[in-house]
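Letters A, B, ... are given to chains in the order of the sequence lines, protein chains preceding strands, and every chain is numbered from 1.
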Amino acid sequence: MALLVHALEQGFLYGLMALGVYISFRVLRFPDLSVDGTFPLGASLAASLIVSGWSPFAASIAAAGAGAVACAFTGTLSSRFRVQGLLAGVLTMIMLYSLNLRIMGRPNLPLLGRPSAVSATANWLPIPSGWAVLAAAGLAAVAAKLLLDLFFRTELGLTLRAAGGNPRLVQAYGADPKNMVVLGLAVSNGLVALSGALVAQYSGFADVNMGVGTIVAGLAAVIVGEMILRPRSVAWATGAALLGSCLYRGAILVALRYGGALGFTPSDLKLLTALVVLAALVAPVVRGKLKREEA
Amino acid sequence: MSLKLEGICKSFSLPGQRVHALSNVSLSADPEEFITVIGSNGAGKSTLLDIVAGVRHPDKGRVQIAGRDVTSRPAHRRARWVGRVFQDPLQGTVPDLTVEENLALACKKGRRGLRFALGRRRRHLWADALSRLDMSLERRAQELSGHLSGGERQALTVLMATMARPEILLLDEHTAALDPANADRVLRITQDLVGEGGMTTLMVTHRMDQALCLGSRLIMLHAGEILLEVAGEAKSSLQVTDLVRLFHRRGVSDDALLLEATEKTRG
Ligand SMILES: Nc1ncnc2c1ncn2[C@@H]1O[C@H](COP(=O)(O)OP(=O)(O)OP(=O)(O)O)[C@@H](O)[C@H]1O
Ligand SMILES: [Mg+2]
């Protein structure tokens, strides 16, 4: 039971990151690797601000803002200066690594005993204590999902979705697809950094290395969610990303708890995650090939 | 004057050579004029439309739309005056948006805000517009446009391109990818919508019969130059055979075009 609750808590907090990855990879079709840098950016900025006495809520919002700005940089690099998308993301990610060290002044910043936006919300909610953190995390994730769904139904949001599918058309109808890429990446990485900020508060520390593999974990969540829900609208797709995130975190907790018996160590997790993503990417191709051979 | 091109030159550099896609092309069109454009592959027709739309910018020359000099404006900043339909049905719609979401995208041509794109009033208007295409698309407004057939998609694209009543409509072989029945249908829809909207239209086509029977003026491009221009009386009395003879006299040895024309006259 406790395992399930923890999986859901983490699933929702990391789910914000999965929503961000959904926006860049699925909506914009932009392979944005900078999330590996913006996730710890959110964590380290929020942690430093909280340590220096900021309210955890203000610190989390500032972290989201910083993520948005950082990745407007990736977007500008790629759309205005024609740096390849992958490379632009990697450059931002590397720059953020150094920047995150500067922000914290050291590689790891503990937050034990400091105020946290997650636990503050949990205490405020009229819910028994065993479930309160889960409720707070769920509240954040579902609120973000609903806001996103609404945004994607506005004129601007619709144009952003169109820019991913057919940028020439967007231009023909009077919007600059480059601005749409920048805007989309800003929203995406704002969410990723917010996720980093909340995860740091939830787990009680920020670490420069906590971002390694974020993109793969996010993709795994998005893909797993899609495989289960097969979403046909944006609202279902964002829901699928959250569902995928919860399942993914659950799988990780199970692997950590019981994997030892099978000879796994926590350091094997990244390999396993990558294999899951790989399997999901390869499966449709293999299935297509098999079908063609049958026919 | 709703469109005015003055001395447009455009060349592309390829390894080892320069291709002059347009050399010193001038053209002006009155409001509501319907111009058909023919020419062999590589004659520069699409490049001409690209330059009007602002997707490409001329090396030399000026572009005026509705009396404004728009030469240096990028495509999205002249979209308000220009509607366009491409040859490839995939290009004119966003496949993972629904039919009505595509229409929502097309009905606004300026800055986008945070208003909801799909309102009840708009949906009503669109259902009307869709039902007039006579393809039962009004019943599929909530379906992804990627699920439509090529003909349906192209009809939707024509509707989208004309919906905001642009000054100029650019059609680039927009029925070429369709079977004859669908091509005729989309062409009829185009004529209806152009007639209502009163747009200046440039229509590129490879079908000489179409070029002759539609519109009030015919332009023939060859190797980046306007080789022939006929309008009014002269155009309406022109036959496909006359066109072929004219080409010969001007020394055009464009086999594809001539072959096509000769086949048409025989058939
Ligand atoms: N991006 C480009 N780079 C290099 N050359 C180009 C480019 N675009 C067009 N050209 C060249 O410019 C010339 C005119 O091309 P354009 O596409 O305008 O021809 P077209 O009349 O539309 O032909 P088609 O009937 O095949 O569509 C061609 O020789 C083409 O090879
Ligand atoms: Mg062409």
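Ranked by heavy-atom pairs shorter than 4.5 Å toward chain A, the options B:Asp96, B:Leu118, B:Val82 are led by B:Asp96. Most heavy-atom pairs under 4.5 Å with chain A: of the set B:Arg80, B:Gln91, B:Arg77, B:Arg84, this distinction falls to B:Gln91. The candidate with the highest count of non-hydrogen atom pairs below 4.5 Å against chain A, out of B:Ala104, B:Ala53, B:Gly92, is B:Gly92.
Around the CZ atom of B:Phe86, the shell of radius 6.0 Å holds more than 12 heavy atoms that belong to other residues, nucleotides or ligands. Counting heavy atoms of neighbouring residues, nucleotides and ligands inside a 6.0 Å radius, atom CD of A:Gln84 does not exceed 12 of them. Around the CZ atom of B:Arg132, the shell of radius 6.0 Å holds no more than 12 heavy atoms that belong to other residues, nucleotides or ligands. Residue-environment remark: CZ (A:Arg80) exceeds the threshold of 12 foreign heavy atoms within 6.0 Å.
Using a 4.5 Å cut-off between heavy atoms, A:Arg168 touches chain B through its side chain atoms alone. Within the 4.5 angstrom heavy-atom criterion, only backbone atoms of A:Ala172 (N, CA, C, O) approach chain B. Looking at B:Ala161, the atoms closer than 4.5 Å to chain A (heavy atoms on both sides) sit in the backbone and in the side chain alike.
Residues A:Ala162 and B:Leu97 share a closest heavy-atom pair of CB-CD1, 4.0 Å. Closest approach of B:His76 to A:Ala175, counting heavy atoms only: CB-O, 3.5 Å. The two atoms that bring A:Leu156 and B:Leu114 nearest to each other are CD2-CD2, 4.2 Å, heavy atoms only.
Between B:Val94 and A:Arg161 the shortest side-chain heavy-atom distance does not fall below 4.5 Å. Looking at heavy atoms from C-beta onward, B:Arg112 lies in side-chain contact with A:Tyr173 at the 4.5 angstrom threshold.
The CG atom of B:Leu90 lies 11.5 Å from the CG atom of A:Leu169; values are rounded to the nearest 0.5 Å. Here OG of A:Ser233 is found 9.0 Å from CD of B:Glu101. Values are rounded to the nearest 0.5 Å.
In this structure a side-chain-to-backbone donor-acceptor pair under 3.5 Å is present from A:Asn166 to B:Thr93.
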